[in-house]
Amino acid sequence: MSVYEKIERATATLSPSPAEQVANAKRPLIIRYGKHLRGFFDRLIASSSLVSNDPVLDVRDFPWTHILRENWQAIRDEAIRAALGQNSPSLASVSPDHRAIAPVDKWRSFFLWGYGYSIDENLDRCPVTAATIAKIPHLNSAFFSILAPGTHIPAHRGVTKGLITCHLGLIVPKDGDVRMRVDDRIVRWSEGETLVFDDTYDHEVWNDTQHTRVVLLIQVRRPLRNPGKWISDAFLNVIRRSAFVQEARDNVLAWNAAVKQLDV
């Protein structure tokens with residue numbers, strides 16, 4: 001039995017099961033029923049945006065991205081030591097909202113922050129990364145996103161225009177094509193470079209190579225004026241306190257505990 005199989009068995013309660021057909025009930029009402037109103041609220045937020053509403057954004061509008069680029073090699077080294085191998089669970093096992101699009105064992109994550117909650121033991125293992133992301137204003141989430149060879153993440157959309165996503169390229173295979181479509185644009189990562197985009201646009205990812213792709217994924221609150229800021233802050237505060245987010249946080253902590261047990 002492989003190390004991954006041992007950990008997955010030790011954390012079997014994290015994996016999707018028939019009982020999780022009712023897991024949708026844990027999702028906040030604002031998500032479950034808000035999808036029908038998402039276009040309306042996203043338009044209100046967009047009208048209050050202090051930055052472009054384009055699918056792919058100009059990194060120069062986000063000055064904090066330079067600290068990621070300046071420290072990318074140290075961040076990459078920490079990702080290799082801390083996140084690769086058995087330490088990163090499948091995103092499908094951690095986040096209920098990703099189970100429909102994240103192939104098991106194909107898309108793994110090493111969480112540092114999630115909706116404002118820190119994963120302290122993971123941060124302790126990545127001191128340079130921790131110090132760097134601590135300087136990012138209005139940080140919502142941060143994790144190493146690890147995509148296995150031959151993986152396709154199907155088209156999907158983020159939950160709110162109140163968040164903006166940034167990828168810092170850490171390991172980008174060169175033996176094939178690894179790319180992302182955001183709306184009607186195709187973008188590609190470069191090691192040490194940042195890519196900023198609006199994930200409420202339909203987007204999908206391909207790793208058509210024989211090697212693993214790794215990025216540091218950052219989400220921050222979109223710079224807004226009112227009334228969009230009021231709407232966005234209220235939405236995100238509800239999500240942060242919900243069982244939906246708490247379950248994902250508990251799953252990460254349970255995975256870490258299982259890894260420690262195997263190391264004993």
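The figures here come from the full heavy-atom set of this structure, side chains too, leaving out hydrogens, waters and symmetry mates.
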Exercise for the section: Examine I45 and L50 and state if one hydrophobic cluster contains both, with Ile, Leu, Val, Met, Phe, Trp and Tyr joined whenever side-chain heavy atoms are less than 4.5 Å apart. Expected result: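 Cluster IDs for I45 and L50 differ.
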
Practice task
Please check if M180 and I186 belong to a single hydrophobic cluster, counting links between Ile, Leu, Val, Met, Phe, Trp and Tyr side chain heavy atoms closer than 4.5 Å.
Solution key: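 No, because M180 and I186 fall into different hydrophobic clusters, even though each may have its own neighbours under 4.5 Å.
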
Which atom names give the shortest non-hydrogen contact between [X] and [Y], and what distance separates them?
X    : Y    : result
N207 : A148 : ND2-O, 3.1 Å
S145 : L217 : CB-CB, 4.5 Å
G192 : R69  : O-CG, 3.4 Å
R181 : A155 : NH2-CB, 3.7 Å
T200 : K161 : CG2-N, 3.4 Å
A83  : I146 : O-CD1, 3.6 Å

Handout entry: Stepwise side chain to side chain contact (heavy atoms under 4.5 Å, CB included) check, T65 with I218
Key = CA-CA 10 Å; T65 59; I218 300 289; over 6 Å; no

Rounded to the nearest 0.5 Å, how far apart are [atom1] of [X] and [atom2] of [Y]?
X    : Y    : atom1 : atom2 : value
T132 : L216 : OG1   : CG    : 9.0 Å
F41  : R43  : CZ    : CZ    : 10.5 Å
D54  : Y201 : CG    : OH    : 6.0 Å
R157 : D42  : CZ    : CG    : 6.5 Å
I119 : R125 : CD1   : CZ    : 13.0 Å
L170 : W72  : CG    : CH2   : 7.5 Å

Do [X] and [Y] come within less than 4.5 Å of each other through their side chains, counting heavy atoms only?
X    : Y    : result
R222 : D198 : yes
V187 : F197 : no
V205 : W189 : yes
R76  : L168 : no
L224 : D233 : no
H167 : T165 : yes
W64  : T194 : no
L236 : R240 : no

Exercise for the section: Please assess L147 against W107 for the test side chain to side chain contact (heavy atoms under 4.5 Å, CB included), listing each intermediate value before the final yes or no. Expected result: CA-CA 5 Å; L147 207 61; W107 187 6; 4.0 Å; yes

Practice task
Report the C-alpha separation of R221 and S232 in whole Å, then their side-chain angles, then the decisive distance to 0.1 Å, and conclude whether the side chain to side chain donor-acceptor pair (under 3.5 Å) test is met.
Solution key: CA-CA 8 Å; R221 296 196 179 205; S232 178; 5.8 Å; no

Practice task
Report the C-alpha separation of F144 and I171 in whole Å, then their side-chain angles, then the decisive distance to 0.1 Å, and conclude whether the side chain to side chain contact (heavy atoms under 4.5 Å, CB included) test is met.
Solution key: CA-CA 11 Å; F144 294 120; I171 301 175; over 6 Å; no

Exercise for the section: Measure the acute angle between the ring planes of W206 and H152, then classify it against the limits of 30° and 60° as parallel, tilted or perpendicular. Expected result: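 Parallel.
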
Exercise for the section: Determine the interplanar angle of the H156 and H203 rings, folded into 0 to 90°, and report it as parallel if under 30°, tilted if 30 to 60°, perpendicular if over 60°. Expected result: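 Geometry flag for H203 against H156: tilted rings.
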
Problem - N/O donor-acceptor pair under 3.5 Å between D61 side chain and V51 backbone - result: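 A pair under 3.5 Å: no.
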
Practice task
Please confirm whether the backbone N or O of F111 pairs with a side-chain atom of S109, one donor and one acceptor, at under 3.5 Å?
Solution key: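 Between the backbone of F111 and the side chain of S109 there is no qualifying donor-acceptor contact (under 3.5 Å).
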
Exercise for the section: Decide yes or no on side chain to side chain contact (heavy atoms under 4.5 Å, CB included) for F110 and L84, but give the supporting numbers first. Expected result: CA-CA 9 Å; F110 186 85; L84 296 187; over 6 Å; no

